[in-house]
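Not measured: the values here are computed from a predicted model. Starting from 1, each residue takes its place in the sequence as its number.
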Amino acid sequence: MNWRQLISNKRFGLEDLHELRKDDRTEFQRDFDRLIFSAPFRRLQNKTQVFPLPGSIFVHNRLTHSLEVSCVGRSLGDSIAAQLLKKHPDLQDSHISEIGAIVSAACLAHDLGNPPFGHSGEKAISTFFSEGKGLSLKSELSSMEWEDITHFEGNANAFRLLTHQFLGRRKGGFVMTYSTLAAIVKYPFSSQLAGRKSKFGFFASEANDFQKIAQELGILKLSSEGEPLKYARHPLVFLVEAADDICYQMMDIEDAFKLKLLTFEEAKELYQGFLNENRKKRTDEVCRLVTDRNEQIAYLRATVIGILIQECARIFIQNEEKILEGEFNEALIKQIDSPLKEAYQKCSQTALHKIYRSRDVLDIELAGFHVISTLLELMIEAVQSPQKAYSQLLINRVSSQYDINSPSLYGKIQAVLDYISGMTDVYALDLYRKIKGNSLPAV
């Protein structure tokens with residue numbers, strides 16, 4: 001793969017249209033702006049990140065997480081761009097300098113396809129078909145279609161949201177640039193290769209779209225003819241992934257401290273594990289000047305994020321040739337040197353035992369699982385039997401942009417998944433209560 005081809009400002013869905021621009025924004029900055037002002041992005045403010053939506057203490061939701069990941073991604077991308085231009089001065093007239101803007105936009109979009117209630121929402125959708133009442137539909141779908149819905153993945157759904165031509169939308173969905181779209185596909189292969197982790201990059205319905213993008217950008221195809229589709233990652237995917245890895249791990253520690261799942265001493269010790277003796281002395285001096293413990297933890301977290309950005313940038317540049325050859329497959333964060341690696345692993349282990357298995361987190365996952373499963377059951381039955389009176393009541397609630405009347409069962413199921421995955425936690429819970437008769441519209 002080569003950088004000149006990999007970084008393209010061509011827009012997906014507007015390939016033949018050359019618009020005259022009246023401002024100084026680049027096409028990649030336009031991607032960022034389109035996402036910020038979009039309804040799916042705004043809805044992230046009411047979607048669970050890890051902890052239940054906040055009460056008196058504000059913790060991260062999908063929106064604040066995406067904004068923070070975008071900031072880290074921009075810093076990481078700008079650092080990489082500067083180093084690549086020094087390494088390859090012949091690329092001065094290319095779009096290399098805009099890597100920060102591309103990664104920043106891709107980071108904004110990376111969680112757009114996630115359903116309500118965090119990762120439990122993804123699991124609820126998958127298991128409805130693999131273990132629940134949706135299992136009866138297996139014989140009516142192709143093997144590829146079945147793999148898509150039994151391994152439902154937020155990343156693949158984000159790619160669908162950004163590229164799919166929903167009813168009433170102009171061609172190309174969001175009409176994003178090719179490079180921004182490629183940078184969000186963390187798992188560039190079909191659901192047939194999803195495996196136990198249920199990770200893949202595009203549904204069968206968007207496979208041709210991804211192939212078109214890959215061909216345009218020169219992304220290496222790793223599968224042979226007749227095999228399930230598989231490609232190398234676009235290099236910028238590694239930067240989007242690293243920004244996400246840095247943010248969710250570091251921010252979850254800070255949130256856990258605010259929610260009293262971790263003591264001040266525990267949180268401080270986790271962050272200081274990333275610091276050498278000189279940095280520890282400097283941070284101790286700052287913390288003596290700032291007496292508020294929340295601010296002290298925030299300062300330590302910011303310091304650690306800066307360290308990890310530098311380390312991930314170093315690893316990317318060090319492995320540039322392998323990345324371009326499609327031979328580098330590890331997350332950048334997993335390649336960091338000791339003692340940073342041990343400090344990150346300790347954070348991960350602490351998060352697993354004290355945060356992700358906490359009662360509040362498990363309670364929201366349990367509730368979300370039941371809400372999603374119930375909505376799926378009712379909506380799938382409605383699109384299968386639209387002639388029924390109750391089915392019509394449910395279908396009439398669905399926005400006209402979703403192809404509920406698709407001629408194929410797969411198309412109908414995808415329309416239901418588009419509808420439900422686009423809901424916020426609050427909307428999904430409210431609809432569930434109304435359907436169950438537990439609440440009525442305000443009079």
Side-chain angles (χ1 to χ4, degrees), residues 1-17 19 25-38 40-41 44 66 69-70 73-74 77 95-96 98-114 153-166 169-191 199-221 229-241 243-244 323 326 418 421-422:
M1 295 183 283
N2 70 85
W3 286 112
R4 285 189 181 276
Q5 190 174 2
L6 286 165
I7 310 298
S8 169
N9 62 3
K10 181 182 285 189
R11 291 199 171 278
F12 186 82
L14 288 180
E15 291 85 354
D16 300 324
L17 182 62
E19 299 178 3
R25 289 181 300 165
T26 68
E27 295 302 320
F28 308 115
Q29 290 169 338
R30 288 176 180 276
D31 283 348
F32 183 95
D33 294 348
R34 289 182 183 194
L35 289 162
I36 284 285
F37 285 93
S38 70
F41 185 75
L44 293 178
S66 297
V69 174
S70 181
R74 184 185 62 239
H95 292 297
I96 284 290
E98 298 184 66
I99 284 180
I102 299 169
V103 174
S104 183
C107 288
L108 280 186
H110 83 284
D111 270 352
L112 281 186
N114 286 67
E153 218 283 323
N155 189 251
N157 202 43
F159 184 74
R160 173 176 169 80
L161 178 63
L162 292 173
T163 58
H164 185 67
Q165 184 182 353
F166 291 95
R169 281 193 187 174
R170 57 180 173 167
K171 185 180 179 183
F174 277 63
V175 199
M176 308 294 283
T177 61
Y178 276 57
S179 292
T180 298
L181 290 171
I184 72 163
V185 184
K186 189 175 177 180
Y187 314 102
F189 45 82
S190 72
S191 60
K199 300 296 185 182
F200 65 101
F202 44 83
F203 298 114
S205 50
E206 283 72 52
N208 288 337
D209 291 339
F210 185 79
Q211 288 185 84
K212 180 179 179 181
I213 292 169
Q215 184 174 1
E216 172 70 24
L217 300 180
I219 300 174
L220 292 174
K221 187 177 181 180
L229 284 177
K230 183 177 182 179
Y231 288 84
R233 281 179 164 190
H234 188 288
L236 300 191
V237 171
F238 290 100
L239 305 185
V240 175
E241 179 183 46
D244 189 28
I323 289 171
D418 290 335
S421 65

#### Entry: Residues that Thr180 engages under side chain to side chain donor-acceptor pair (under 3.5 Å), provided they are two or more places apart
Asp31, Thr177
### Query
So, does Ser8 use its side chain to make a donor-acceptor pair with the main chain of Ser179 at under 3.5 Å?
no
### Arg34, Arg11, Lys10 screened by salt bridge (Lys or Arg N to Asp or Glu O under 4.0 Å) with Glu27, the one that passes
Arg11
### Message
If you compare all heavy atoms of Ala156 against all heavy atoms of Phe200, which two are closest, and at what distance to 0.1 Å?
### Response
CB-CE1, 3.6 Å
### Message
Minimum heavy-atom separation for Ile219 and Tyr231, please, with both atom names.
### Response
O-CD2, 3.9 Å
## Note on the structure
For Ala158 and Ala109, the nearest pair of non-hydrogen atoms, with its separation, is CB-O, 3.9 Å
### Partners passing side chain to side chain donor-acceptor pair (under 3.5 Å) against Ser70 (at least two apart in sequence or in another chain)
Ser104
### Message
Is there a side-chain contact between Leu112 and Asn157 in this structure, where contact means two heavy atoms from C-beta onward sitting under 4.5 Å apart?
### Response
no
### Message
Just verifying a value: how many Å separate Arg30 CZ and Met176 CE, rounded to the nearest 0.5 Å?
### Response
12.5 Å
### Message
Can you list everything that forms a salt bridge (Lys or Arg N to Asp or Glu O under 4.0 Å) with Lys199? Sequence neighbours excluded, please.
### Response
Glu153
#### Entry: Student check: side-chain heavy atoms of Trp3 and Ile99 closer than 4.5 Å
yes
Under 3.5 Å, which donor-acceptor pairs link side chains of residues 232-241 to any protein atom two or more places apart or in another chain?
from	atom 1	to	atom 2	distance (Å)
Arg233	NE	Lys186	O	2.9
Arg233	NH1	Glu241	OE1	2.8
Arg233	NH2	Lys186	O	3.2
Arg233	NH2	Glu241	OE2	3.1
His234	ND1	Leu236	N	3.1
His234	NE2	Leu6	O	3.0

### Query
Do the non-hydrogen side-chain atoms of Ile7 and Phe28 ever get within less than 4.5 Å of each other?
yes
#### Entry: Under the salt bridge (Lys or Arg N to Asp or Glu O under 4.0 Å) test, residues paired with Glu98 that sit two or more places apart
none
### Query
Roughly how far, to the nearest 0.5 Å, is the OG atom of Ser38 from the CG atom of Leu108?
9.0 Å
### Task
Give, for atom NZ of Lys212 and atom CG of Leu181, the distance between the pair rounded to the nearest 0.5 Å.
11.0 Å
List the atom pairs, donor and acceptor, that lie under 3.5 Å between side-chain atoms in residues 201-211 and the rest of the protein, sequence neighbours left out.
from	atom 1	to	atom 2	distance (Å)
Ser205	OG	Arg160	NH1	3.3
Ser205	OG	Gln414	OE1	3.4
Ser205	OG	Gln414	NE2	2.8
Glu206	OE2	Arg160	NH1	2.9
Glu206	OE2	His164	ND1	3.4
Asn208	OD1	Gln211	NE2	3.3

#### Entry: Gap between atom OG1 of Thr163 and atom OH of Tyr178 - 0.5 Å precision
11.0 Å
### Summary
One should read off an interatomic distance between Ile102 CD1 and Gln29 CD, to the nearest 0.5 angstrom, of 10.5 Å
### Query
Are the side chain of Asn155 and the backbone of Ile184 linked by a donor-acceptor contact shorter than 3.5 Å?
yes
### Query
Who are the side-chain contact (heavy atoms from CB on, under 4.5 Å) partners of Asp33, not counting sequence neighbours?
Arg25
### Message
Nearest 0.5 Å, please: how far is NZ in Lys221 from NZ in Lys230?
### Response
13.5 Å
### Task
Taking side chain to side chain donor-acceptor pair (under 3.5 Å) as the test, write out the residues that go with Asn114, two or more places apart.
none
